[in-house]
Amino acid sequence: MRSAGILFFAFFFTVPLLGVNRFYLYVATLVPIYVILAIGLNILVGYAGQLAFANAAMFGIGAYGAGLLIKHFAAPYWVAAPAGAIAAMVVGTLLALPALRLSGIYLALATLAFAQCTLWTMTHWISVTYGASGFTIKAVDFTALGMNSDYGMYYLSWICCCVLLLLARNLIRSRIGRAFVAVRDHEIAAQSLGVNLLKYKALAFALSGFYAGVAGVLYAGVLAFVGPESFGLQQMVLQLAAIVIGGTASIAGSVLGGFLIVFIQEIIREFKFSIEIAFGALLCLFVLLKPTGLIDLIRLVRPSWHERLHGSDLADATASPTERGAQ
């Protein structure tokens, strides 16, 4: 499995050497951005068990935070980008406060309301955000590295993706990851074992916000444009589809889901079909027929493969011998 992952990333690092046109390079640049989004959302929803629908808003806050610093204050991208990611992380951390009193569908509705308020602000605070028309920013300068903005953002996106992937992998394997899973499985039991709910919920929301913020600043740099239409409810559906199709509570599933979401979008656009209907149908199919996601199909090829703290592994471990035999 590790060899397959290395080959996957090595292939994408060589894409610019194949002489692809700008459109295919753009599509390939979206892959690491959606992988980052899927990993961050999976930490919050899959591992920590917080059913929150604000990730698209965090994505937008990262993009707007960086873009507005560049537009209003002529800040360099390398200064604006960390600021945008930190802004998304701070807002994400504040969302942990209602999560202490709300759970399940109530938390989902509260975070969805926050996301819609954020989108309304992006659209109507014209003096600051430029309203529904959005705004352009200067292309990121990579001349010092001997490449144009398209190639520079491509490699920057993949480098960020690899770093954040390794960070998430090590984090989930640590005591923090085990605490997230304990909170997800049973909050009262976790508290009885000494798990601080406020600390770990805040950390899960902060990490999810940071990952979404990083993806947002990369997205702004790739497009050299920021507009509210990219951060609405459709964006949230895409991100949820990524972790459901790839596999919840799975870092490898996040990579697979992020990759598939980008290319499924392009296929749907090619056939001029509704993205909302297509991904809504996909979500229903996977929830009903394959709730553990496509990542578990790897077991058909390599039965010995497992991913630490992956959802299906936890289910197998907690099942009784009779239940495991029935499975």
In this structure, would Phe273 and Leu282 fall into the same cluster of hydrophobic residues linked by side-chain contacts under 4.5 Å?
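Phe273 and Leu282: one cluster.
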
If Ile, Leu, Val, Met, Phe, Trp and Tyr residues are connected whenever their side-chain heavy atoms lie under 4.5 Å apart, and connections chain through other members, are Phe23 and Tyr154 in the same group?
yes

Measuring from atom [atom1] of [X] to atom [atom2] of [Y], what distance do you get when rounded to the nearest 0.5 angstrom?
{"X": "Thr93", "Y": "Leu203", "atom1": "OG1", "atom2": "CG", "answer": "8.5 Å"}
{"X": "Ser208", "Y": "Ile39", "atom1": "OG", "atom2": "CD1", "answer": "11.5 Å"}
{"X": "Ile264", "Y": "Ile267", "atom1": "CD1", "atom2": "CD1", "answer": "7.0 Å"}
{"X": "Arg22", "Y": "Asp150", "atom1": "CZ", "atom2": "CG", "answer": "4.0 Å"}
{"X": "Leu166", "Y": "Cys161", "atom1": "CG", "atom2": "SG", "answer": "9.5 Å"}
{"X": "Glu229", "Y": "Gln234", "atom1": "CD", "atom2": "CD", "answer": "10.5 Å"}

Can you give me every donor-acceptor pair (side chain of residues 58-86, partner residue at least two apart or in another chain, under 3.5 Å) with its distance?
{"from": "Lys71", "atom 1": "NZ", "to": "Thr136", "atom 2": "O", "distance (Å)": "3.4"}
{"from": "His72", "atom 1": "NE2", "to": "Val128", "atom 2": "O", "distance (Å)": "2.9"}
{"from": "Tyr77", "atom 1": "OH", "to": "Val217", "atom 2": "O", "distance (Å)": "2.7"}

Under 3.5 Å, is there a donor-acceptor pair between the side chain of [X] and the main chain of [Y]?
{"X": "Ser254", "Y": "Ser250", "answer": "yes"}
{"X": "Asn42", "Y": "Ala249", "answer": "yes"}
{"X": "Asn148", "Y": "Tyr151", "answer": "yes"}
{"X": "Thr111", "Y": "Phe53", "answer": "yes"}
{"X": "Arg169", "Y": "Ile251", "answer": "no"}

Looking at residues at least two apart in the chain, or sitting in another chain, which of them share a side-chain contact (heavy atoms from CB on, under 4.5 Å) with Leu145?
Phe142, Met147

Sequence-distant partners of Gln191, side chain to side chain donor-acceptor pair (under 3.5 Å), two or more places apart
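Scan of Gln191 (side chain to side chain donor-acceptor pair (under 3.5 Å), adjacent residues dropped) gives none.
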
Just wondering, do [Y] and [X] contact through their side chains at under 4.5 Å, heavy atoms?
{"X": "Gln50", "Y": "Leu95", "result": "no"}
{"X": "Val91", "Y": "Phe114", "result": "yes"}
{"X": "Ile126", "Y": "Tyr130", "result": "no"}
{"X": "Leu207", "Y": "Leu171", "result": "yes"}
{"X": "Leu218", "Y": "Cys160", "result": "yes"}
{"X": "Phe231", "Y": "Val226", "result": "yes"}
{"X": "Val183", "Y": "Val195", "result": "yes"}
{"X": "Glu187", "Y": "Lys201", "result": "yes"}

Test salt bridge (Lys or Arg N to Asp or Glu O under 4.0 Å) applied to Arg269 - qualifying residues, sequence neighbours left out:
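Once residues adjacent in sequence are excluded, the partners of Arg269 under the salt bridge (Lys or Arg N to Asp or Glu O under 4.0 Å) criterion are Glu266.
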
Heavy-atom pair of closest approach, residues [X] and [Y]:
{"X": "Ala278", "Y": "Ile268", "result": "CB-CD1, 3.3 Å"}
{"X": "Leu119", "Y": "Gly232", "result": "CD2-CA, 3.9 Å"}
{"X": "Met122", "Y": "Pro228", "result": "CB-CB, 4.0 Å"}

Could you go through Leu297 and Lys290, starting from their C-alpha distance and side-chain angles, then the distance that decides it, and tell me whether this counts as side-chain contact (heavy atoms from CB on, under 4.5 Å)?
CA-CA 10 Å; Leu297 295 180; Lys290 191 61 179 173; 4.1 Å; yes

Side-chain donor-acceptor distances from residues 235-245 under 3.5 Å, at least two apart:
{"from": "Gln235", "atom 1": "OE1", "to": "Tyr34", "atom 2": "OH", "distance (Å)": "3.4"}
{"from": "Gln235", "atom 1": "OE1", "to": "Gln239", "atom 2": "NE2", "distance (Å)": "3.1"}
{"from": "Gln235", "atom 1": "NE2", "to": "Tyr34", "atom 2": "OH", "distance (Å)": "3.2"}
{"from": "Gln235", "atom 1": "NE2", "to": "Ser230", "atom 2": "O", "distance (Å)": "3.1"}
{"from": "Gln239", "atom 1": "OE1", "to": "Asn55", "atom 2": "ND2", "distance (Å)": "2.7"}

Hey, can you tell me if Phe259 and Phe263 have their rings parallel, tilted or perpendicular (30° and 60° cut-offs)?
tilted

I need the full list of ring pair (Phe, Tyr, Trp, His ring centres under 6.0 Å) pairs touching residues 159-215, with sequence neighbours left out, sorted by first then second residue.
none

